[in-house]
Structure formats: structure tokens, C-alpha cells
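Input: a single structure, listed below in C-alpha cells.
Both ligands and their constituent atoms are indexed starting at 1 by order of listing.
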Amino acid sequence: MPHDDFPAGSVWLVGAGPGDPDLLTRKALRLIGAADIVFYDALVGRGILDLIPTTTERVSVGKRSGRHSRDQATIDALIVAAAATGRRVVRLKGGDPAVFGRTAEEVAACHATGIPVRICPGITAASAAVAAAGTSLTLRGVARRLTLVTAHAQAGAPLDLDWQALADPDATLGIYMGRTAAATVMQQLLAAGRDPDTPVLVVVNASLPDERIIRGRLSSLAFLVETVGASDPAILIVGAAVGSAAIATPVRLLQVARP
Ligand code: SAH
């Protein structure tokens with residue numbers, strides 16, 4: 001049965017997931033296939049872009065920390081203008097549009113101009129990162145709270161986070177855009193009393209062929225990110241849950257030759 005959820009002149013904000021095309025939802029794939037135009041972020045990788053039909057117009061609105069090629073107001077205006085000419089618009093975003101995805105602004109811009117807009121969720125980086133490491137974000141009786149924070153501050157501004165709350169030993173912290181601020185995150189969490197032995201996980205390019213999993217302790221977080229390239233997406237996860245014995249053994253460990 002044909003779907004009638006994507007009329008001409010409407011917008012879908014679509015989560016592209018962490019990068020592996022297999023982690024795209026079937027709905028996202030269908031919407032990408034039905035779009036007349038796709039606006040995509042820098043984090044949306046080649047494997048996903050290859051799924052856009054070649055006849056569909058595609059526009060990079062690539063935003064990356066420190067290199068904002070188009071500001072948010074411009075992106076809002078582009079999306080609205082495309083839909084206003086009667087086109088079906090997909091706005092493709094890395095991960096889940098609802099997690100540090102500027103979704104509220106784009107939805108508001110559509111509402112303000114009477115453009116119908118809907119959201120298709122995606123797998124967020126924190127989920128992909130712990131899956132890659134064969135562990136979990138929560139742990140029964142140990143990590144009962146999950147806090148997602150962004151450690152990206154305005155240029156020159158200090159990181160304005162409630163460190164005391166983040167130091168709660170029951171909580172797992174998923175820190176997005178945290179590579180540059182890793183040393184500050186480490187110092188502030190330690191100063192607020194978080195145990196220096198708290199397990200940490202840094203996952204670079206989660207779900208992509210060049211994925212890298214770095215494990216350590218909070219006291220070495222600043223050092224752990226030293227080999228992470230500035231243009232590679234990396235997420236930091238802090239908390240007892242990620243130190244738990246691997247719940248599922250990552251495939252690469254199974255491949256290690258045994259004596
Ligand atoms: N909406 C996205 C997050 C956008 S903010 C989501 O739900 O995942 C961009 C940040 O997300 C990056 O700086 C990085 O911290 C994280 N990120 C996105 N994709 C990632 C990936 N494949 N591997 C590791 N971190 C990723």
C-alpha cells in the first residue's frame with residue numbers, strides 16, 4: 001500500500017543514524033527514496049548518501065564544530081523555501097534528530113511558515129558507541145540514570161555544565177562533541193568528586209569501517225583522546241556501566257588468534 005505521509009510541500013527531519021547504512025531505519029530509507037531534495041549534514045557519510053537516488057537533488061549544509069559553513073537561520077530558510085515551492089524535503093541529520101540536532105529550530109521555522117513537518121528518529125551515537133564496545137549505557141542497580149551532554153561551548157566561553165550533578169556515581173554520561181573539552185571534563189568531574197577509577201569509553205567513528213574503541217579510566221580521559229583526529233566524530237561515555245564485563249563480545253575480539 002502506498003504511504004501518504006509525505007505530501008508535496010512538506011518536510012521530514014530524518015535521523016541517518018551513526019553512519020553504517022545498515023543502521024538506517026526502513027522508514028528513513030523510504031523517505032529518502034521519496035524526496036525531491038535532500039539537505040544533509042557533514043556527519044552524514046558516503047554510505048548513506050549513496051542511498052539517495054541519483055536523480056534527487058542533494059544539498060550539503062555541512063556543519064562541523066569550528067567550521068560552520070552555513071548558519072542555522074540559513075538552513076532553516078533553505079528548507080522552508082524548498083518546501084514552499086511544493087517539493088518533498090528530507091532534512092537528513094546524523095544520529096537522532098532529537099539529540100543535539102537543532103531540530104527545535106527547524107520545526108519552529110516550518111511551523112512559522114505553515115509547512116507540515118515530521119520527524120523520523122535515528123540511532124544516536126551513544127547507543128552505537130556502547131553497542132560497538134559490547135556494553136550497555138545502563139546497568140541494573142548500578143547505573144540508573146543516563147545523561148547526555150554536549151561539551152561544545154561557544155568560542156571563548158567556559159563550559160557551563162552542572163558538574164556536581166554530572167559527578168553522580170549512579171549516572172552514565174554520554175558526552176557529545178567532547179574531544180576538545182576532554183581535559184576540562186576530566187578535571188571538573190574529578191574536582192566535583194567523581195571517582196578517578198570510573199570507567200570511560202571513547203568511541204571514534206562508531207559503526208563505520210574506521211571505528212575505534214578506546215577504553216580507560218576517568219583519570220586518563222585527557223590522554224585517551226590525544227590520538228583522535230579533529231574531524232573524526234567521537235563520543236565519550238563515562239560511568240560504571242561501560243566498565244562492566246562485555247555483555248556481548250565484539251566481533252574483533254573473537255578474531256584474535258588464540259595460543
Ligand atoms: N544527532 C547526533 C549528534 C549530533 S552532535 C546523534 O544523535 O548522534 C555531533 C556529535 O555526535 C559528534 O561530535 C560526536 O560526539 C557524536 N557522533 C555522531 N556520530 C558519531 C559516530 N559515528 N561516532 C562517534 N561519535 C559520533
Atoms of ligand 1 under 4.0 Å from any heavy atom of Thr124, numbered from 1 in the order shown, are 6 (C), 7 (O), 8 (O)
So, is Val99 polar-close to ligand 1, with some N/O to N/O distance under 3.5 Å?
yes
Taking distance alone, with N or O pairs closer than 3.5 Å, would you say Pro18 contacts ligand 1?
yes
Pick whichever of Gly17, Ala126, Ala206 has a heavy atom sitting closest to atom 21 (C) of ligand 1.
Ala206
Based purely on interatomic distance, does Ala125 place a nitrogen or oxygen under 3.5 Å from a nitrogen or oxygen of ligand 1?
yes
Do Ser10 and Val117 come within less than 4.5 Å of each other through their side chains, counting heavy atoms only?
no
Tell me: protein heavy atom nearest atom 9 (C) of ligand 1, and distance?
Leu43 CD1, 3.5 Å
Test of proximity, Gly95 against ligand 1: N or O pairs below 3.5 Å:
no
Residues 216-224, side-chain donor-acceptor partners within the protein, below 3.5 Å, at least two apart:
from: Arg217; atom 1: NH1; to: Asp197; atom 2: O; distance (Å): 2.6
from: Ser219; atom 1: OG; to: Pro196; atom 2: O; distance (Å): 3.4
from: Ser220; atom 1: OG; to: Arg217; atom 2: O; distance (Å): 3.0

Going through the checks in order, is the side chain to side chain contact (heavy atoms under 4.5 Å, CB included) test met by Arg102 and Ile75?
CA-CA 10 Å; Arg102 308 295 296 260; Ile75 296 173; over 6 Å; no
Please confirm whether Met177 comes within less than 3.5 Å of ligand 1 when only nitrogen or oxygen atoms on both sides are compared.
yes
Polar proximity ligand 1 side, Leu208 side, N/O cut 3.5 Å exclusive
no
Could you establish whether Ser207 and ligand 1 come within less than 4.0 Å of each other, counting only heavy atoms on the residue side?
no
Is there a polar contact, in the sense of an N or O pair closer than 3.5 Å, between Gly94 and ligand 1?
yes
Checking contacts here: is it the side chain or the backbone of Ala128 that comes within 4.0 Å of ligand 1, counting heavy atoms only? Could be both or neither.
neither
I'd like to know if Arg30 and Asp5 make a salt bridge, using a cut-off of under 4.0 Å between side-chain N and carboxylate O.
yes
Tyr176 N/O under 3.5 Å from ligand 1 N/O
no
Do Tyr40 and Ile48 have side chains that get closer than 4.5 Å, going by heavy atoms?
no
Please report which non-hydrogen protein atom sits nearest to atom 4 (C) of ligand 1, along with the residue it belongs to and the distance in Å to one decimal place.
Phe100 O, 3.6 Å
